[in-house]
> 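Sharing a structure, written as structure tokens. Questions coming.
Bear in mind that the values here come from a model prediction, so they are computed numbers and not experimental data. Starting from 1, each residue takes its place in the sequence as its number.
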Amino acid sequence: MSDTPPPGTLDGLLPALPVPLFVVRGDRLVFANTALRTLLGLPEDVLPSLLELTARFGPDERAWVEPLREALARGEQPMPVQPAFVRMRGADGRQHLLSPLSAPGRVPEERLVLLLDAEGGDAVRKLSTVLVSTAAELLRCRDETQVLELAVDAVHRQGFYVSVMLLEGDFLRHGPMRQEAESLAAAERLYGQDVHTVRFPRSGMPHLTEVLTSRRAAFHPDAFSMARRLHSPEVADAIQRIYPPGSRALDAPIFVGDEPFGVLSVQSTTLTPANAGALELFAQLMGGALENVRHHRAAEARLAEVSRLQSELIASERLTVLGEAAGVVAHEVRNPLGAILNTVAVLKREPRLGPAGASAVEMLEEEAIRLEDIVRDLLDAVRPLEPRPRPVSLGELVHRALGQLLHGREELPKPRVAFDEAPDVPDLSGDETLLQLAVTHLMRNAIQASPKGGTVRVAVRRVPEGVSLGVEDEGPGIAGLDPQRVFEPFFLTRANGRGLGLAIVRRVVLAHGGKVSAGARPEGGARFELVLPL
């Protein structure tokens, strides 16, 4: 016998109601809706007798059910007083707590009995408590993936299967999910790839598009019909074979601000309109947590930008003061140095100088040249830079710098230099003079820091941002130091250093729109890298 309602009932309404109900006429059961059949596991073409239905109630409830059946059989009015709660054994073998509600049918001999879910109210309260607690935890997350994983875990722990469908342009794909492993394996075998990488056209999922467009959740009394809309017939058949009968589904929209983010999809036999409402609210809280993550990310970016601008302002003020000092040095020191070097040149041609005098003149020349180098570096560190770009090979600049720095050091211990230049490195557009200055200072810093028998490793590579020059040494390193401070003028890491070379490197790189960084090598020593755009 089908679920067609008998004459006198609300045609078309009773079968679709999610609340289990039945209709009796006299001593016969004449109608049972889909919800009751699902609860009791009744086939569609079988309608039990009233006696068989009575047997489904617990012993304590029969004190009310059996007199009711007898009164219905005799057509007596009024009905016996019904209890507030009864227990009925379901198809799953467990006892369900129900609240019966009976009312007269549309004809005198007919009686309508509804079995309201008495456990549902308490279950909704418990679910709501868990979801609210989880929502508070979501607000402490600082990563979108962490928000989604925590959310699906919380829903899954309450006995639901759950997944998040992420919206990516005109496509949807599975995000974090908690489903039966057998179902996922079947889907992966069919699609030939991980289910998380399968992209479903949004146009092929009108039910989810409607959820996102209306910003309202959709409750589906039959989850398997939804599976057939979402998946291929093979996957849908596997889902229906694996998951319990009577499963229901909910699709709730997730919005971040005013932008659609995705859909929270939940399936379970215990899903009801009441707890579906709690889950829909939870999806809104998920959107709030995701928006919170983005606000924190934006705030961190703004804070980093403010910190960067503050550092640049401090550096600019330092350079202004340093520039004024450099002007005085250039005027007051360079002129006397020129006179000293001219005098040294005259003395070196004097034939009457003895060995002691010649040695003193040579020492005087070396110190004067060293002072001149310091003045030149000081001016390089503060003078305005106006690059005049043309095609430049960074590898050629490295070769030139190494030839200059290693020439004339035959009497000194030479570090071993391992230079590796990738074959696909293109030329970049830059000021050759300024870039040669920066590369030379970077090479000099590594060579001077290297111990006797040490190795300086140099690598030129193409990177997404342009061209990279990495330099590693085996010296004392910069462990325990702020990596950015080593690029400040007069910041010394060696007793015999000037504290200007790396400051010049940074100025030249920044003037070309690049970036420079420093760090400690795990094996000891320091690593510097500059990246220049093409």
Side-chain angles (χ1 to χ4, degrees), residues 16-18 124 127-128 131-132 134-135 138 144-145 147-156 158-179 183-184 187 195-232 235-236 239-240 243 246-294:
L17 283 178
V124 170
L127 176 63
S128 300
L131 296 183
V132 168
T134 303
L138 296 181
E144 290 187 4
T145 302
V147 169
L148 298 177
E149 291 286 352
L150 182 60
V152 297
D153 263 342
V155 175
H156 183 59
Q158 303 313 304
F160 301 101
Y161 294 107
V162 58
S163 62
V164 176
M165 295 295 292
L166 302 174
L167 180 63
E168 297 178 347
D170 293 329
F171 294 89
L172 288 153
R173 71 170 179 87
H174 284 293
M177 59 170 57
R178 302 294 183 270
Q179 301 287 342
S183 174
L184 294 179
V195 293
H196 294 90
T197 63
V198 180
R199 303 177 78 214
F200 302 94
R202 185 174 174 179
S203 59
M205 297 185 172
H207 58 294
L208 295 185
T209 299
E210 173 62 24
V211 166
L212 294 171
T213 303
S214 65
R215 302 184 69 153
R216 295 179 61 184
F219 180 79
H220 312 288
D222 183 2
F224 299 121
S225 65
M226 298 308 302
R228 295 195 178 279
R229 293 192 219 174
L230 178 62
H231 299 286
S232 65
V235 174
I239 290 174
Q240 189 158 2
Y243 291 92
S247 293
R248 304 162 189 160
L250 171 76
D251 292 318
I254 303 173
F255 273 74
V256 179
D258 288 329
E259 296 297 321
F261 179 86
V263 177
L264 176 68
S265 295
V266 182
Q267 307 85 34
S268 175
T269 57
T270 61
L271 190 63
T272 65
N275 54 27
L279 290 165
E280 180 179 11
L281 177 60
F282 184 63
Q284 296 177 22
L285 297 177
M286 288 173 61
L290 292 167
E291 187 174 10
N292 186 59
V293 167
R294 295 185 180 182

> First locate atom OG1 of Thr272, then atom CG of Leu127, and finally report the distance between them rounded to the nearest 0.5 Å.
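Rounded to the nearest 0.5 Å, the OG1-CG separation comes out at 9.0 Å.
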> Is the shortest side-chain heavy-atom distance between Phe261 and Leu166 below 4.5 Å?
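Yes, side chains in contact.
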> Residues two or more places apart in sequence or in another chain: which of them pass side chain to side chain contact (heavy atoms under 4.5 Å, CB included) with Ser268?
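Partners of Ser268 under the side chain to side chain contact (heavy atoms under 4.5 Å, CB included) test: Phe160, Thr270, Leu271.
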> Ala135 and Phe282: which non-hydrogen atoms are nearest, and at how many Å?
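Reported closest heavy-atom pair: N-CE1, 4.3 Å.
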> Would you please test His220 and Gln267 for side chain to side chain contact (heavy atoms under 4.5 Å, CB included) and show each step?
CA-CA 9 Å; His220 312 288; Gln267 307 85 34; over 6 Å; no
> Would you say that Asn292 contacts Val147 through its side chain, given a criterion of any heavy-atom pair below 4.5 Å between the two side chains?
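They are not in side-chain contact.
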> Tell me, please, which residues at least two apart from Tyr161 pass ring pair (Phe, Tyr, Trp, His ring centres under 6.0 Å).
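Residues passing ring pair (Phe, Tyr, Trp, His ring centres under 6.0 Å) with Tyr161: Tyr243.
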> Strictly by salt bridge (Lys or Arg N to Asp or Glu O under 4.0 Å), give each pair with a member in residues 170-179 just once, sequence neighbours left out.
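Salt bridge (Lys or Arg N to Asp or Glu O under 4.0 Å) check on residues 170-179 returns Glu149-Arg178, Asp153-Arg178, Glu168-Arg173.
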> Considering only residues two or more places apart or on different chains, which pairs with a residue in residues 211-220 satisfy salt bridge (Lys or Arg N to Asp or Glu O under 4.0 Å)?
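Residue pairs passing salt bridge (Lys or Arg N to Asp or Glu O under 4.0 Å), neighbours aside: Arg215-Asp258.
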> Can you tell me how far apart NE2 (His174) and OG (Ser265) are? Round to the nearest 0.5 Å.
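Rounded to the nearest 0.5 Å, the NE2-OG separation comes out at 8.0 Å.
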> Sequence neighbours left out, what passes side-chain hydrogen bond (donor to acceptor under 3.5 Å, both in side chains) with Ser163? Give chain and number order.
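Not a single residue meets the side-chain hydrogen bond (donor to acceptor under 3.5 Å, both in side chains) criterion with Ser163.
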> Under a 4.5 Å cut-off applied to non-hydrogen side-chain atoms, are Leu285 and Leu138 in contact?
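No - every pair of side-chain heavy atoms lies 4.5 Å or more apart.
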> To the nearest 0.5 angstrom, please state how far the CD atom of Glu259 sits from the CG atom of Leu167.
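Answer for the CD-CG pair, Glu259 versus Leu167, is 9.5 Å.
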> Quick one: CD on Gln179 to CG on Leu184, what's the gap to the nearest 0.5 Å?
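If I round to the nearest 0.5 Å, the distance is 6.5 Å.
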> Quick check: closest heavy atoms across Ala283 and Leu264, and the distance to 0.1 Å?
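Looks like CB-CD2, 4.1 Å.
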> Work out which heavy atom in Leu131 is nearest to a heavy atom in Ala278; give both atom names and the distance.
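Leu131 and Ala278 have their closest heavy atoms at CD1-O, 3.8 Å.
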> Please round to the nearest 0.5 Å and tell me the distance separating atom CD1 of Ile254 and atom CD of Glu280.
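Taking CD1 in Ile254 and CD in Glu280, the distance rounds to 11.5 Å.
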> Kindly list each side-chain donor-acceptor pair under 3.5 angstrom involving residues 195-206, sequence neighbours excluded, with atom names and distances?
residue, atom, partner, partner atom, Å
His196, ND1, Asp194, OD1, 2.8
His196, NE2, Gly175, O, 3.2
Thr197, OG1, Gln193, OE1, 2.8
Thr197, OG1, Asp194, O, 2.7

